[in-house]
Amino acid sequence: QVQLVESGGGLVQAGDSLRLSCAASGRAFSNYATGWFRQAPGKEREFAAAISRTGGNTYYADSVKGRFSISRDRSKNTVYLQMNSLKPEDTAAYYCAVDTSTRLIPSRLSRSYDYWGQGTQVTVSS
């Protein structure tokens with residue numbers, strides 16, 4: 001069992017930055033690929049970023065590439081999503097999730113992830 005708790009969301013203006021945190025407890029969190037997904041009102045949940053099991057590889061949706069950065073701090077059992085140059089279209093609830101499979105390349109599909117946090121809201125005003 002893995003418990004995930006997201007934090008760091010808030011209301012910001014376009015161009016601002018936020019850092020989301022995903023703190024984990026339970027099974028060997030640092031051994032699993034971790035992803036960030038987001039869901040805007042009335043839209044399906046979509047992939048934003050992921051970090052591999054080893055932490056050596058990161059992956060991004062085209063919509064956030066160059067602006068968002070995912071990282072892992074094993075000592076704190078936490079994965080971060082640094083979001084820069086935020087746009088109003090980044091407004092969504094952001095969720096972190098863990099894939100406990102042995103997949104080396106993280107999936108971009110939400111159904112591949114086994115554990116989810118409760119989400120944190122990010123609102124970007126224009």
Side-chain angles (χ1 to χ4, degrees):
Q1 192 79 2
V2 178
Q3 294 81 38
L4 304 172
V5 178
E6 301 98 333
S7 62
L11 172 62
V12 297
Q13 293 186 332
D16 286 350
S17 298
L18 279 175
R19 189 178 76 161
L20 305 184
S21 299
C22 174
S25 60
R27 295 171 60 186
F29 171 71
S30 62
N31 292 334
Y32 301 136
T34 303
W36 283 96
F37 290 78
R38 63 186 186 180
Q39 187 168 18
K43 294 188 177 181
E44 293 188 354
R45 190 169 297 188
E46 65 175 11
F47 170 81
I51 188 165
S52 63
R53 293 172 58 221
T54 63
N57 297 96
T58 56
Y59 306 86
Y60 301 94
D62 289 342
S63 58
V64 308
K65 196 174 295 181
R67 299 187 298 121
F68 289 13
S69 177
I70 188 171
S71 61
R72 186 198 300 275
D73 185 334
R74 294 182 186 278
S75 67
K76 296 183 179 179
N77 237 22
T78 300
V79 169
Y80 301 99
L81 184 67
Q82 177 67 44
M83 307 187 296
N84 299 327
S85 302
L86 283 163
K87 304 176 181 180
E89 50 263 45
D90 294 319
T91 295
Y94 283 72
Y95 301 87
C96 67
V98 163
D99 175 5
T100 60
S101 76
T102 57
R103 187 179 288 115
L104 293 179
I105 299 177
S107 173
R108 295 171 181 250
L109 302 176
S110 59
R111 64 174 181 262
S112 298
Y113 291 78
D114 310 291
Y115 297 97
W116 292 81
Q118 83 290 346
T120 185
Q121 179 67 34
V122 173
T123 302
V124 184
S125 64
S126 58

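Here, residue 1 is the first one in the sequence, and each next residue gets the next number. Just so we're clear, the structure is a prediction, and the values are computed from it rather than from any experiment.
Between Ser107 and Ser112, the shortest heavy-atom contact is OG-OG, 2.9 Å. Contact record, Arg74 with Thr54: NH2-O, 2.8 Å, taken as the closest heavy-atom pair. Summarising the geometry of Tyr94 relative to Leu81, their closest heavy-atom pair is CD2-CD2, 4.2 Å, with the distance given to 0.1 Å. Across Tyr113 and Ala50, no two heavy atoms sit closer than the pair OH-CB, 3.9 Å. Of all the heavy atoms in Val79 and Trp36, the pair that sits closest is CG1-NE1, 3.7 Å. Residue Ser17 comes nearest to Gln82 through the heavy atom pair CB-NE2, 3.9 Å, listed as atom of the first residue, atom of the second, then distance.
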Please lay out, stage by stage, how Val122 and Arg38 fare under the test side-chain contact (heavy atoms from CB on, under 4.5 Å). CA-CA 9 Å; Val122 173; Arg38 63 186 186 180; over 6 Å; no

For a side-chain contact (heavy atoms from CB on, under 4.5 Å) check, start with the C-alpha distance between Tyr32 and Asp99, then their side-chain angles and the critical distance, and finish with the verdict. CA-CA 6 Å; Tyr32 301 136; Asp99 175 5; 5.9 Å; no

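Counting heavy atoms from C-beta outward, Leu11 and Gln121 have side chains that stay 4.5 Å or more apart. Proximity of Val124 to Asp16: side-chain heavy atoms (C-beta onward) are nowhere separated by under 4.5 Å. A 4.5 Å side-chain heavy-atom check between Gln39 and Ser110 finds every atom pair outside the cut-off.
Around the CG atom of Leu109, the shell of radius 6.0 Å holds more than 12 heavy atoms that belong to other residues, nucleotides or ligands.
A salt bridge does not link Lys87 to Asp90: none of the charged side-chain nitrogens sits closer than 4.0 Å to a carboxylate oxygen.
Ring-centre distance between Phe47 and Tyr59: not below the 6.0 Å cut-off.
Interatomic distance, Tyr115 OH to Cys96 SG, rounded to the nearest 0.5 Å: 13.5 Å. For the atom pair Cys22 SG and Arg72 CZ, the distance stands at 9.5 Å (nearest 0.5 Å).
Placement of Phe68 and Ile51 within a single hydrophobic cluster is found when ILVMFWY residues are connected by side-chain heavy-atom separations under 4.5 Å, directly or transitively. Connection of Leu86 to Val64 is established within a shared hydrophobic cluster, with ILVMFWY side chains joined at heavy-atom distances below 4.5 Å, either directly or through further cluster members.
Remark: Arg19 qualifies as a cation-pi partner of Tyr80 under the 6.0 Å distance and 45° angle criteria applied to the six-membered ring.
A distance-only check finds no donor-acceptor pair linking the side chain of Ser21 to the backbone of Ala23 [under 3.5 Å]. The main-chain N or O of Ile105 is never found under 3.5 Å from a side-chain atom of Arg53 such that the two would form a donor-acceptor pair. Remark: the backbone N or O of Ala24 is paired with a side-chain donor or acceptor of Asn77 at under 3.5 angstrom. Under the 3.5 Å distance criterion, the side-chain polar atoms of Tyr60 are matched with a main-chain donor or acceptor of Ile70. At least one donor-acceptor pair under 3.5 Å links the side chain of Glu6 to the backbone N or O of Gln118.
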